[in-house]
Every structure is written in C-alpha cells, then in structure tokens.
Participant: 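Below are the structure tokens for one structure; questions will follow.
In the text below, chain A, chain B and the rest are named by the order of the sequence lines, each starting its count at 1. It should be emphasised that the depicted structure is a prediction, and the values quoted were computed from it without experimental measurement.
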Number of protein chains: 2
Amino acid sequence: MTFPSPTSALPPVGGVVPASKTDLDVMRCLVCDIRNRSLCNSMDEEGLAALAHSSRQLILPPSTTIIEEGEPALAFFNVTRGTVKLFKSLPDGRRQITGFADAGQFLGLSTAQTYSFGAETVDNVRLCRFMRPQLETLLSDYPTFERSLLAAVTDKLAEAQEQMLLLGRKTAREKVATFLLDRMKAFHLTANRRQEAETLASVPMTRVDIADYLGLTIETVSRTISAFRRDHLIASAENHRIRILSVATLANIASGQKAE
Amino acid sequence: MTFPSPTSALPPVGGVVPASKTDLDVMRCLVCDIRNRSLCNSMDEEGLAALAHSSRQLILPPSTTIIEEGEPALAFFNVTRGTVKLFKSLPDGRRQITGFADAGQFLGLSTAQTYSFGAETVDNVRLCRFMRPQLETLLSDYPTFERSLLAAVTDKLAEAQEQMLLLGRKTAREKVATFLLDRMKAFHLTANRRQEAETLASVPMTRVDIADYLGLTIETVSRTISAFRRDHLIASAENHRIRILSVATLANIASGQKAE
DNA sequence: CCGAGAACTTGATCTACATCAAGGCTGCAT
DNA sequence: ATGCAGCCTTGATGTAGATCAAGTTCTCGG
C-alpha cells in the first residue's frame with residue numbers, strides 16, 4: 001500500500017501534522033522524548049530549533065510505503081515511534097529485508113539520485129522527514145550533527161556486516177536466536193519502563209517479514225520458534241511480545257556455540 | 001607502475017616507507033594515481049599536503065593481517081593498490097567475507113573502541129594509514145573531506161544491502177554471476193588501459209575467499225564457474241583473470257531473471 | 001627442471017531447509 | 001455471535017547445495 005495522498009503526489013501527506021509554525025512546532029524537537037537516542041542528540045538548543053524548522057512530522061499507519069525502490073531520493077527520515085522495515089527486491093518478487101529501523105534510527109540516506117531500497121511501516125509509526133536540501137544545509141551549519149550522522153552510518157555499516165555473517169554462515173536456529181535477542185535489545189532501548197521488561201522482546205513484524213529478514217521461509221521461522229518454546233527458552237507474551245526465558249542459552253546458540 | 005618515480009627506487013616490500021619528510025613525501029598524495037577514485041579526491045592542494053603529512057604508506061605482501069577482529073580500533077586505511085578482504089568470524093571458524101576493498105576504497109572505520117571485523121591482504125597491497133586522532137583532525141579541518149567520507153560510507157552501506165539480498169535470497173548460480181560482474185566492474189575502475197580489458201574480471205582471491213564471500217562452499221563455487229565456462233558465458237584468461245563472454249546473459253542470471 | 005604442498009575440480013552421497021499441503025487461530029466487520 | 005481473511009502452525013515430501021572423497025593442476029622453492 002502507498003500512503004494516502006490527498007492532493008499532490010509528492011509530499012505524501014497521509015498524516016502530516018497540521019503545520020502551523022507555532023511555538024509548539026518549534027519546540028517539537030526540544031520536547032522529543034527519544035531525542036537522546038537519536039542523531040538529534042548532538043544538537044544544542046539552537047540546533048534543535050533548526051531541526052524542527054527543517055522537518056515535518058509524519059504519522060503513518062501499518063503497512064504504509066515510505067520509500068519506493070527506485071524513486072528519486074528526495075528525503076531523509078528519523079523514526080521517533082514504531083518500527084520501519086527496509087528492503088530490496090528481485091524482479092520475481094523475492095525480497096530481502098535489510099533492516100528494521102526502530103525509534104531513534106534514521107533511514108533514507110542515499111548518494112544516488114534514486115533510492116536503491118524500499119521502506120514501509122511495520123506498525124504505527126511517527127517520523128520526522130527532512131527534504132534533502134534542508135538536510136544538507138543542516139549538515140553544513142552544524143558540524144557536530146554531521147559528525148553524528150557519520151557515526152550513525154558507520155554503526156549501520158557494522159550492523160550490516162553482522163547481518164551478512166548471519167545470512168551467509170548461520171544456521172536457521174542461530175539466525176532466529178540472534179533475531180530474538182536483537183529484538184530484546186531493541187525493546188530495551190525503546191521501552192521507557194525498565195524492570196520486568198528486561199527479558200521482553202518486541203516483535204511487531206509478521207513471520208513473512210522475519211523470514212525475509214533472516215533469509216528463511218515462514219515455515220522454518222515458525223518451526224524454529226516453536227522448538228525454542230518447546231525447549232522453554234522463550235514463552236509467548238501479550239501482543240507482539242516474546243519473553244526470553246534463557247538469555248544465556250539463546251546467546252550461546254546465536255553466537256554459534258554448539259552448546260544446548 | 002604508471003607514474004614517474006622521481007628519485008629513489010620504491011621502498012622494499014614488507015614495510016613502512018622510510019619516513020624522511022622530504023618533498024617526495026609531501027607530494028605523495030599529489031601524485032597518487034588513484035586519488036581521483038578515492039576519498040582524497042575532495043581535497044585541494046593544501047589538503048593533499050595535509051593528507052600526506054597525516055598518513056604513512058604501507059606496502060604489504062599477500063595474506064598479511066591488517067586488522068585483527070576485536071583489536072583496538074586505532075587506524076583508518078585507504079587502499080591505493082591491490083585488494084583487501086574484510087571479514088567476520090564465528091567462534092567455530094565459520095567466516096563471512098563482508099567485502100573486498102580494491103584500490104581507491106577505504107577501510108577500518110569504527111565508532112567502537114575495537115574493530116568488529118578483520119582485514120587481510122589478498123595480493124600485494126599498498127595502503128595509506130591514518131591514525132584515528134589525525135583522521136579526526138582532518139575531518140574537522142576539511143569539511144569537504146568529511147562530506148566525502150560520509151558519502152563513501154553511505155555508498156558502502158548501499159553495497160552491504162545489495163550483498164544482503166545476494167546472501168539471503170539469491171541462488172548459487174545468481175550469486176556467482178553477480179560476483180563475476182562485480183569483479184569486472186572493479187577491474188574497469190582499477191585498470192588503466194581501457195579497450196579489450198572491457199570484459200575482463202580481476203579475481204585475485206582464492207575459491208575459499210569467494211565461497212566465504214558468497215555464503216557457499218568452495219565446491220559449489222567451483223562447479224558453478226565450471227558450468228558457466230561449459231556454457232561459454234566466461235573463459236579463463238591469464239593470471240587471476242576471467243573473461244566475460246556474455247555480459248548480458250550473466251547480468252540476466254545475476255538479477256534473478258530465469259532467462260538462460 | 002623437479003617435487004611437494006596448496007589450490008582447484010569433479011563425482012557420489014547426504015541433509016538442512018524449502019516446498020507443498022492442510023488445518024487452526026485471531027480479530028474485525030457485519 | 002458469526003463468518004471470513006490474514007496469519008500462523010504442523011506435517012509430508014523434495015531439492016539445492018553441503019559434505020565426503022578422490023584425483024588433477026597450479027606454483028614456487030630448491
């Protein structure tokens with residue numbers, strides 16, 4: 001699905017927040033609760049005002065297209081709520097999800113004229129959209145922001161290398177164990193309440209998405225999760241949550257130890 | 001070698017070039033023949049002098065460790081000649097090569113205290129080494145250089161995503177076809193002589209390396225290359241070279257078309 | 001020019017995961 | 001509450017690529 005676009009094609013204004021440039025709007029970045037876990041952390045008060053001025057907030061329902069593969073690369077996004085999936089496809093429909101961007105993560109960076117990947121919301125998502133010229137101005141005006149983006153992209157590259165190791169060399173069991181632990185860590189960072197959420201993993205995506213992320217089929221993902229449940233390594237929790245019962249064992253499996 | 005080497009013969013293989021800060025040393029970056037295909041391209045004449053001053057040239061034989069997984073991340077490198085492999089390993093020895101850095105490519109960027117990956121020369125390699133503090137100074141002093149690095153890392157991330165698609169969703173046949181075409185493109189960029197090198201691919205790495213890069217075994221790589229040769233899509237050439245006989249067919253295979 | 005180890009190829013067999021198939025949940029629209 | 005559509009699970013079977021096992025061909029030191 002592409003997101004509802006009342007008038008013109010480009011600013012896909014499914015849910016742009018009413019754009020009166022009020023105090024509230026200028027303050028948006030200042031009061032942003034996940035700021036300290038994102039790029040924007042590198043900004044001082046003046047910079048935050050510039051950020052708010054340079055961006056618009058989008059509120060999007062699940063399964064909304066944010067970026068279409070091959071479209072002109074016009075914007076850059078920062079996720080402030082929910083989870084976005086990034087992917088690449090082959091002509092016959094095979095798809096690889098290259099990553100999930102949770103709150104605090106950016107997406108949409110490209111040096112090419114067009115995006116080489118697609119992006120779609122997994123659940124209810126809020127993001128800040130920066131059009132490319134504005135982003136470039138910000139980078140030039142705020143060196144610490146640029147340094148921060150460089151660091152963030154460098155981290156993404158390291159993540160990508162880790163995922164290549166998973167895709168190329170891990171077994172199905174190891175892949176799923178790695179995924180569940182990663183989702184637990186992601187939940188840690190996102191969740192506000194500490195305690196008792198310590199061993200919860202947030203899994204808002206479907207089996208299809210998990211399979212396309214791990215280079216498996218949905219059946220294999222399902223069977224592997226069932227096996228972990230049978231072995232009491234995990235248990236179901238409410239909603240799209242999974243409780244990790246044995247982090248240590250799962251970590252052993254994830255890292256390729258033969259241990260049980 | 002292509003550019004005139006003014007006075008002293010090139011330093012002996014296996015070590016750091018004698019570090020007399022002579023004109024020659026200051027000029028190193030100015031006369032670098034692959035400069036225009038690397039990060040350094042963004043530098044003006046003054047910047048190039050600073051680059052030369054901030055770096056040392058290393059000349060290394062094949063199978064030399066450049067970066068050890070888990071070691072402190074002290075340096076950043078720019079490859080000026082030859083090919084370097086980057087990889088990650090599992091405790092039991094399984095290995096994933098995450099990329100090959102040919103002349104003009106950088107490696108060694110990390111925001112963490114330690115490297116999360118290893119790097120080793122494939123053939124005879126020359127590289128420029130920047131210690132981290134010097135690199136950071138350069139980034140701060142030369143904004144165009146920093147912007148250029150940001151663009152380069154962004155490109156690497158796009159490459160990594162492409163490789164994830166390959167690892168997660170392509171067949172052995174598609175993987176090998178993609179690899180051969182990529183090596184052809186890499187040779188294009190690296191080779192000085194044009195013409196008749198148009199369809200040559202440089203493959204300095206072993207079957208083990210290719211297998212670890214594509215998430216296959218050496219036997220499967222060997223069989224697949226043999227099949228391509230049998231089908232007259234490729235032919236052996238001198239050294240570690242492969243001639244691509246049908247770029248179009250190989251490209252079809254690489255992109256997942258069912259075409260023959 | 002020779003010999004030995006490393007790198008590569010090819011064949012036979014095995015297996016982890018894919019594919020095919022059938023139900024069973026779950027949530028929401030009526 | 002009921003039905004249905006999307007999502008998930010589980011089982012039976014198939015297969016691409018792994019593993020096991022010989023050779024064969026490079027490569028390079030002496």
Participant: Tell me the interatomic distance from B:Ile225, atom CD1, to C:dA7, atom P, rounded to whole angstroms.
Facilitator: 15 Å
Participant: Pick base, sugar-phosphate or nothing for B:Ser226, based on heavy-atom distances below 4.0 Å to the nucleic acid.
Facilitator: sugar-phosphate
Participant: Can you check side chain to side chain contact (heavy atoms under 4.5 Å, CB included) on B:Leu216 and B:Val176, steps first, answer last?
Facilitator: CA-CA 10 Å; B:Leu216 298 170; B:Val176 174; 4.3 Å; yes
Participant: Using a cut-off of 4.0 Å between protein heavy atoms and nucleotide atoms, how would you tag nucleotides 16-29 of chain C 5' to 3' with B, S and -?
Facilitator: -SSBB---------
Participant: So which of B:Arg229, B:Arg241, B:Arg243 actually passes side chain to side chain donor-acceptor pair (under 3.5 Å) with B:Ser236?
Facilitator: B:Arg229
Participant: Regarding B:Arg183 and B:Asp102, does a basic nitrogen lie under 4.0 Å from an acidic carboxylate oxygen?
Facilitator: yes
Participant: Provide, to the nearest angstrom, the distance between the CG atom belonging to B:Asn239 and the C1' atom belonging to D:dC26.
Facilitator: 12 Å
Participant: Keeping the roles fixed (side chain from A:Thr121, backbone from A:Asn124), state whether a donor-acceptor pair exists under 3.5 Å.
Facilitator: no
Participant: Whole Å only: how far is the CG atom of B:Asp209 from the P atom of C:dA6?
Facilitator: 16 Å
Participant: B:Ile218 has an atom CD1; how far is it from atom C1' of C:dA7, in whole Å?
Facilitator: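 To the nearest whole Å, that distance equals 8 Å.
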Participant: Would B:Glu69 and B:Lys88 pass as an ion pair if we require N to O under 4.0 Å?
Facilitator: no
Participant: For B:Gln96 and A:Gln161, indicate whether the former's side chain and the latter's backbone hold a donor-acceptor pair under 3.5 Å.
Facilitator: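 Not a single qualifying donor-acceptor pair exists.
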Participant: Does a salt bridge link A:Glu174 with B:Arg94, judged by any charged N lying under 4.0 Å from a carboxylate O?
Facilitator: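 Salt bridge: yes.
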Participant: When you compare the side chain of A:Asp123 with that of A:His240, does any pair of heavy atoms fall below 4.5 Å?
Facilitator: no
Participant: In whole angstrom, what separates A:Phe228's CZ from D:dT9's C1'?
Facilitator: 16 Å
Participant: Would you jot down, in residue-number order, the residues of residues 201-208 of chain B having a non-hydrogen atom under 4.0 Å from DNA chain C?
Facilitator: B:Thr206, B:Arg207
